[in-house]
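Have a look at the structure below, then the notes.
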Amino acid sequence: MIAEVIVDVSAYPIDRPFDYLVPASITAVIEVGSRVKVPFGPRKVLGYIIGLKEESELDRSKLKPIDELIDLEPVISTELLNLSKWLATHTLAYEIDALQVMLPAAMRAKYEKVIVVDELEQIEDEAFKRFLAGRKRIPLKEAEASGLLTTVKDYVKQGIITVDTAIRQQTAVKKVRMIQIADKETLETLLASIQQNAKKQMELMNWMIEHAGETISAKQLMEQSGIQAAILKAVIEKGAATEELAEVYREPELPQLKDTAIPVRLTEEQAVALARITDSFDKRKPETFLLHGITGSGKTEVYLRAIKHVLDQGKEAIVLVPEISLTPQMTARFKERFGPLVAVMHSGLSSGEKFDEWRKIQRGEVKVVVGARSAIFAPFENIGLIILDEEHESTYKQEDTPRYHARDVAIKRSEYYNCPVILGSATPSLESYARASKGVYSLLTLSKRAKDQELPAVTVVDMREELRNGNRSMFSLPLADAVRIRLEKGEQTVLFLNKRGFSSFVLCRDCGTVVECPNCDISLTYHRANERLKCHYCGHEERVPLQCPQCESEHIRFFGTGTQKAQEEIAKLFPEARVIRMDVDTTRQKGAHERLLRQFSEGQADILLGTQMIAKGLDFPNITLVGVLAADTTLHLADFRAAEKTFQLMTQVSGRAGRHDLAGEVFIQTYTPEHYAIELSKAQHYEPFYQLEMAARRQYGYPPYFYVTLVQFTHEDLLKVADYAEKGTRFLKEHLSQHTVIIGPTASAISRVNNRYRYQCLIKYKKEPKLTETLQQLIKIYRTDWIKSGLIMTVDVEPASIF
DNA sequence: AGCACGCCGACT
DNA sequence: GTCGGCGTGCTC
């Protein structure tokens with residue numbers, strides 16, 4: 001038998017199957033989708049079996065045998081295998097990358113070189129003998145650390161030892177010591193025979209008698225009995241208990257949140273939406289629904305009931321949320337409703353925890369997965385429903401290879417399983433809404449809030465006016481007053497600061513110089529905590545200068561408003577207010593996010609101040625005021641989605657206020673109050689916004705009227721990058737059809753990152769059958785030729801942004 | 001991507 | 001003479 005294997009090497013000439021002989025010993029168990037260890041050139045690598053056959057085009061003598069079968073059961077189903085193939089073609093990625101992205105990181109191979117000593121007797125070098133200490137397989141690293149590399153080399157040359165590659169899985173199954181306590185009689189006999197001075201052992205025995213016959217983990221036993229490990233060991237040796245290692249799942253800690261009551265009745269709109277979805281499911285149609293529901297309209301309840309329906313029919317469901325750790329409340333609701341049938345996958349889990357959740361899915365122990373983007377590859381084999389909540393979120397697009405969009409993968413999988421997909425959002429992406437308008441997706445609308453609450457009253461504050469009136473702080477008078485009222489009433493406020501482009505930077509007030517990163521064309525961000533300037537793109541760090549590097553003036557100081565600055569202003573304006581700040585700095589620690597949110601939900605603070613991360617999912621009854629400190633920062637990004645992003649953000653943020661009994665109020669501070677994205681977000685007027693934005697997109701030829709693909713070139717040398725960008729663009733122009741618009745080459749919006757200059761070329765097309773083929777040709781030229789000069793070229797089909 | 005092979009300069 | 005620099009080419 002011969003196996004076709006995709007090997008774990010991301011390189012252009014390797015991106016195809018290689019044939020291997022299947023040793024007779026494993027022919028009975030080998031399956032497509034299992035991983036193997038194979039010799040590849042002079043080393044060993046991990047590979048995925050994508051096919052089995054009897055004959056190879058190559059001569060059998062050229063084939064090497066598989067070294068080892070790693071999985072007895074396939075880790076990739078045939079459905080996912082085909083999907084990976086599609087993914088690789090569609091996103092122009094290597095097949096190996098498309099395969100790896102489907103598995104938890106813990107299953108990716110880690111390679112380690114190992115010294116193998118066959119005949120210990122042949123070793124004469126004394127120092128090396130001592131180092132080996134009788135061992136036959138030792139990591140090469142250890143020899144290196146002991147300075148024995150030359151000795152190893154000599155022995156390898158003499159053929160006495162060899163160097164092999166060991167493939168190590170990052171995390172394996174977690175095991176726990178389980179103690180089975182003996183029966184009462186045995187224990188009592190033992191107790192009688194124990195030495196009188198072994199007080200502790202007697203104590204433990206007595207405890208065990210009370211728990212005779214039970215099985216308990218060693219850790220729990222020690223906690224409950226208050227006995228040390230050494231004592232336990234002694235007692236086990238005497239025969240009072242037996243122990244064995246048992247597989248366990250790491251139980252990720254779930255935040256304790258207040259129970260959200262299950263509403264007895266659905267609103268009419270909810271009921272209609274649910275019926276449409278379950279009907280589609282019953283008819284086994286791969287139908288994609290766009291569930292457009294304003295904030296607070298109860299989309300989640302529709303999801304939950306649709307899932308219930310699917311589970312009752314013995315099928316499985318995948319639920320994607322933008323970044324699950326951001327919405328602990330959402331997770332909690334799923335756990336409440338479906339209990340142990342739910343697996344949770346999010347970035348806050350350790351790689352071991354993710355692996356465990358993955359295994360639960362694969363073994364069919366759970367029926368629902370709630371997770372971030374990569375959960376779309378959950379190894380279910382009987383999917384009945386796929387949900388993307390907040391479908392407009394750009395986090396569904398992976399930023400590095402394979403650059404896939406979870407929405408596309410979801411639809412692809414639904415076609416295989418003949419099941420519905422729900423795309424849910426209060427502010428759908430223009431692409432999705434346009435498709436729904438054209439009937440490609442089925443539109444479901446929830447236009448009323450579930451509990452019949454009013455939408456919050458939104459006030460747009462013109463900050464130019466404030467400035468004219470002499471208010472130079474970041475709080476307008478109306479917002480400051482509103483905060484003060486909340487403090488008096490004991491209600492809570494959420495203050496939102498648009499992070500991007502709004503961090504503090506250092507500016508010379510004499511010559512206007514802004515301190516920039518020496519490696520990137522971007523201003524450095526001021527960090528108060530350690531009085532340093534940092535680059536968010538390359539990580540460069542330096543001290544805050546005391547003099548302007550340009551004019552040597554001493555009037556150089558930080559400017560602008562990060563969350564730290566905002567916190568200081570709050571402290572000045574409202575000294576009595578208790579503030580929780582949530583940004584990258586305060587949430588870096590594991591679990592910090594949940595902790596801060598819990599504190600806020602328990603009323604331990606009056607004001608929650610944060611960035612992007614607080615825009616979603618927050619749902620606390622006592623929040624009656626939301627303030628957006630500067631709405632226009634996302635508006636001026638050099639991206640065709642800038643207005644859409646702003647509208648979405650404003651709507652999401654406003655939706656945080658007054659979701660329960662108390663009425664909500666929202667203040668949006670801006671320097672461009674007349675912009676339609678801001679104006680229309682006030683009353684969540686999605687439809688008019690959609691119309692206006694579509695007109696703009698049509699005029700400039702952007703999605704959804706055109707598809708966009710971005711080709712980016714980076715190089716240390718400005719002249720070279722311009723040159724290659726020109727060559728690449730010319731190639732595309734020559735090979736793509738006449739109707740396709742090619743813009744560029746142009747310098748990217750951030751023209752230098754990490755000392756590399758960036759150029760790009762934008763391809764806009766309605767229908768371009770030759771696109772994939774042409775891009776593949778371009779990539780081939782790049783891989784075989786241009787790459788040698790130090791150029792890096794990337795292709796992003798339908799990018800999330802075009803910086 | 002790694003890794004070996006191979007062909008040139010620098011140093012014991 | 002040998003060590004080691006990295007250009008070139010291959011991996012079933």
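Just so we're on the same page: letters track the sequence lines, and every chain starts at 1.
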Atom pair distance, as rounded to whole Å: CD1 in A:Ile14 and C1' in C:dC10: 8 Å
Distance in angstrom units between A:Leu21 CG and C:dC12 P, rounded: 11 Å
Side chain A:Lys733, main chain A:Gly728, donor-acceptor under 3.5 Å: no
Closest to the A:Val9 side chain, choosing from B:dA1, C:dT11, B:dC3: B:dA1
Protein-nucleotide distance (A:Lys44, atom NZ; C:dT11, atom P), rounded to Å: 18 Å
Ring centroid separation A:Phe713 to A:Tyr757 under 6.0 Å: no
Which atom of A:Ile14 lies closest to which atom of A:Val7, heavy atoms considered: CG2-CG2, 3.5 Å
Enclosure of A:Glu716 CD (heavy-atom neighbours >12, cutoff 6.0 Å): no
Contact summary for A:Tyr759 and A:Pro745, nearest pair of heavy atoms: CD2-CB, 4.2 Å
Whole-Å distance separating the OH atom of A:Tyr12 from the P atom of C:dG9: 17 Å
Aromatic contact, A:Phe731 with A:Tyr782 (centres under 6.0 Å): no
Out of C:dT11, B:dA4, C:dC12, whichever nucleotide has its closest atom nearest the side chain of A:Leu58: C:dC12
A:Lys62 side-chain N/O to C:dC12 phosphate OP1/OP2 under 4.0 Å: no
Spacing between A:Asp8 atom CG and C:dT11 atom C1', to the nearest angstrom: 14 Å
Whole-Å distance separating the NZ atom of A:Lys64 from the P atom of C:dT11: 9 Å
Whole angstrom value for the distance that separates C1' of C:dT11 from CG of A:Asp19: 13 Å
B:dG2 OP1/OP2 closer than 4.0 Å to side-chain N/O of A:Arg43: yes
From B:dC3, B:dA1, C:dC12, nucleotide with atom closest to A:Pro13 side chain: B:dA1
Touch class at under 4.0 angstrom, heavy-atom based, for A:Arg16 against every strand present: base
Quiz item: cation-pi between A:Lys780 and A:Tyr12, 6.0 Å / 45°: no
Rounded distance in Å - NZ (A:Lys113) to C1' (B:dA1): 13 Å
Nucleic acid contacts of residues 781-796 of chain A, taken as heavy-atom distances under 4.0 Å to DNA chain C: none
Touch class at under 4.0 angstrom, heavy-atom based, for A:Phe40 against every strand present: base
